[in-house]
Each structure stands twice: as C-alpha cells, then as structure tokens.
Amino acid sequence: MNDSEFPKPLLESLWAPWRVEYFQAEHRASHDFLLQAASTTDDEAHLVVARRKTAFLIMNKYPYSAGHLMAVPNRKTANMEDLQDEEVIDLWKLSILAQKLLTECVKAQGFNLGWNLGRAGGAGVDDHLHIHIVPRWNGDSNFMAVLGNTRILPEALLPLYHRLKDALAILKP
C-alpha cells in the first residue's frame, strides 16, 4: 500500500447527519429550549417523552449516548433548594421511569444519573436545572471515545422517540 491510499482502505465511515444540527444551531443564552418544552403542546417536536404535574422527561437532542434523557421541572430554577417537594418527587419518579423505558428500549445494563449545576459544574443550561439519565452497557467505553474523542450513536432521535413512547404506553406508569 502506498502513502496516498492510507488510511482510507483501513477506515470505516461513520454517518451521523443529525450532528450537523448541533453545529449549525445558534447557541444563545436566551434560547431556553427546556422552558419551551415545558409549555409546548407538541411533545414530539420537542422530544418530550412523558409528563407529570410539575416536571417532564425529554430526550437530549445532543446525547452522550443513544437514549440520553433528562428529567426537568416545568418551572425554571437553577437551585436545587428552590425545588418544591412535589417537583422533587416528580423528578425522581421520572428518573425511575426513564430507567424502565431505557432498559426496555435500548437494553441498558446500567445508568449514569447526574446533575450539572452551574456553569462551573458543567451545565450547558445553567439557569434551568435538570437530571441527566444516561444509559450504559458493559464494555461501552471503547477506543472511539477514548482515543478518537468521538461517540457512536446507533439510532437517530425520532425513531428512538417513537420506541420510547410505545414502551411508555405499554408500561402505563
């Protein structure tokens, strides 16, 4: 093999056309997609999977892994201590529901749940707190993430959204 051929014959291409949306999006501090999702009547357009009285479960549009969900209070707040008891309960129950849905739909074998509070804490949206529910699988840390700084997402958002909604109808939480 000559140098002009390398590395093409040795590499596979990864196709992830939905990622272009992230790079083309205007990332403005004033754009609160979580508040919009809280008040929408079009759940599918906002990827809202489930709702409770004070909170909702939404797919992360730019996920860490396939099925990355977020439990979000309807009311915008940055501080955990500002949450009302009913909001805490709804967020917790939505996190449990997320685990059930992801176990069913993507066969998750484990989960990372977490809060990124404040800009210094890694929050992409630092004025509307939310819980990340990230499905994990045995052996899912591979060379792509470690060496290539790349995640592989095997399924587009809308097909997975529909599978989650179908599973939700069956679970009837």
Side-chain angles (χ1 to χ4, degrees), residues 13-52 54-78 87 90-108 110-137 140-141 144-145 148-169 173:
S13 295
L14 297 177
W15 184 65
W18 55 88
R19 293 296 294 163
V20 75
E21 293 174 19
Y22 178 80
F23 297 111
Q24 292 176 343
E26 291 184 40
H27 298 285
R28 302 182 308 266
S30 63
H31 177 71
D32 190 347
F33 69 96
L34 295 175
L35 199 55
Q36 289 175 355
S39 61
T40 188
T41 57
D42 187 353
D43 283 350
E44 182 174 337
H46 291 84
L47 303 173
V48 174
V49 175
R51 292 188 180 275
R52 296 294 177 267
T54 67
F56 61 98
L57 187 64
I58 187 172
M59 293 180 75
N60 189 318
K61 195 170 183 179
Y62 309 110
Y64 292 117
S65 67
H68 178 170
L69 301 175
M70 298 181 297
V72 186
N74 294 333
R75 189 172 58 89
K76 186 174 185 173
T77 182
E87 291 170 315
D90 282 348
L91 289 168
W92 192 255
K93 287 185 175 184
L94 285 168
S95 297
I96 293 168
L97 175 62
Q99 291 181 338
K100 290 177 182 178
L101 290 171
L102 293 168
T103 298
E104 175 67 27
C105 290
V106 299
K107 308 301 182 216
F111 297 91
N112 291 129
L113 275 76
W115 306 79
N116 296 337
L117 301 174
R119 184 74 50 201
V125 178
D126 60 354
D127 62 348
H128 197 154
L129 64 75
H130 49 280
I131 304 170
H132 291 268
I133 304 101
V134 181
R136 301 298 304 267
W137 299 267
D140 68 357
S141 293
M144 290 299 290
N149 200 26
T150 302
R151 294 182 191 100
I152 299 174
L153 302 172
E155 187 170 9
L157 292 174
L158 275 179
L160 181 53
Y161 174 83
H162 292 291
R163 289 194 314 121
L164 290 166
K165 292 294 279 188
D166 290 346
L168 182 64

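- Between the side chains of Asp90 and Thr54, at least one donor N or O lies within less than 3.5 Å of an accepting N or O.
- Closest of all the heavy-atom pairs between Ala37 and Ile58 is CB-CD1, 3.8 Å.
- Atoms NZ and CG, from Lys165 and Leu158 in turn, are 12.5 Å apart once rounded to the nearest 0.5 Å.
- Across all non-hydrogen atoms, the minimal contact from Glu87 to Pro73 is OE2-CB, 4.3 Å.
- Residues satisfying the side chain to side chain donor-acceptor pair (under 3.5 Å) test with Asn60, not counting sequence neighbours, are His68.
- By the 6.0 Å contact criterion, CH2 on Trp115 is enclosed, its count of non-hydrogen atoms from other residues, nucleotides or ligands being greater than 12.
- Note that CE of Met59 is 5.5 Å distant from CG of Leu164, once rounded to the nearest 0.5 Å.
- Under the side chain to side chain donor-acceptor pair (under 3.5 Å) criterion, Asp166 pairs with no residue at all, not counting sequence neighbours.
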Inset, instruction - Applying side chain to side chain contact (heavy atoms under 4.5 Å, CB included), run through Val48 and Leu57 and close with a yes or a no. - result: CA-CA 6 Å; Val48 174; Leu57 187 64; over 6 Å; no
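- Residues passing the side chain to side chain donor-acceptor pair (under 3.5 Å) test with Asp126, sequence neighbours excluded: none.
- Within the model, atoms CZ of Arg75 and CG of Leu129 stand 9.0 Å from one another, a figure rounded to the nearest 0.5 Å.
- Residues Phe111 and Val134 are not in side-chain contact: their nearest non-hydrogen atoms beyond the backbone lie 4.5 Å or more apart.
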List, one per line, each side-chain donor-acceptor pair under 3.5 Å for residues 94-106, sequence neighbours excluded.
residue, atom, partner, partner atom, Å
Ser95, OG, Leu91, O, 2.9
Thr103, OG1, Gln99, O, 2.8

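- Across Phe33 and Val125, no two heavy atoms sit closer than the pair CE2-CG2, 3.5 Å.
- Listed by first and then second residue, the side-chain hydrogen bond (donor to acceptor under 3.5 Å, both in side chains) pairs that reach into residues 38-48 are Thr40-His46, Asp43-Arg51, Glu44-His162, sequence neighbours excluded.
- Within the 4.5 Å cutoff, no side-chain heavy atoms of Leu34 are placed close to those of Lys76.
- The heavy-atom pair separating Pro135 from Ser65 by the smallest distance is O-OG, 3.1 Å.
- Trp137 contributes a side-chain N or O that, together with a main-chain N or O of Lys107, makes up a donor-acceptor pair within less than 3.5 Å.
- Annotation for His128 and His130: closest pair O-ND1, 2.9 Å, computed over non-hydrogen atoms.
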Inset, instruction - Would you sort out whether His132 and Leu113 count as a side chain to side chain contact (heavy atoms under 4.5 Å, CB included), showing the intermediate values? - result: CA-CA 5 Å; His132 291 268; Leu113 275 76; over 6 Å; no
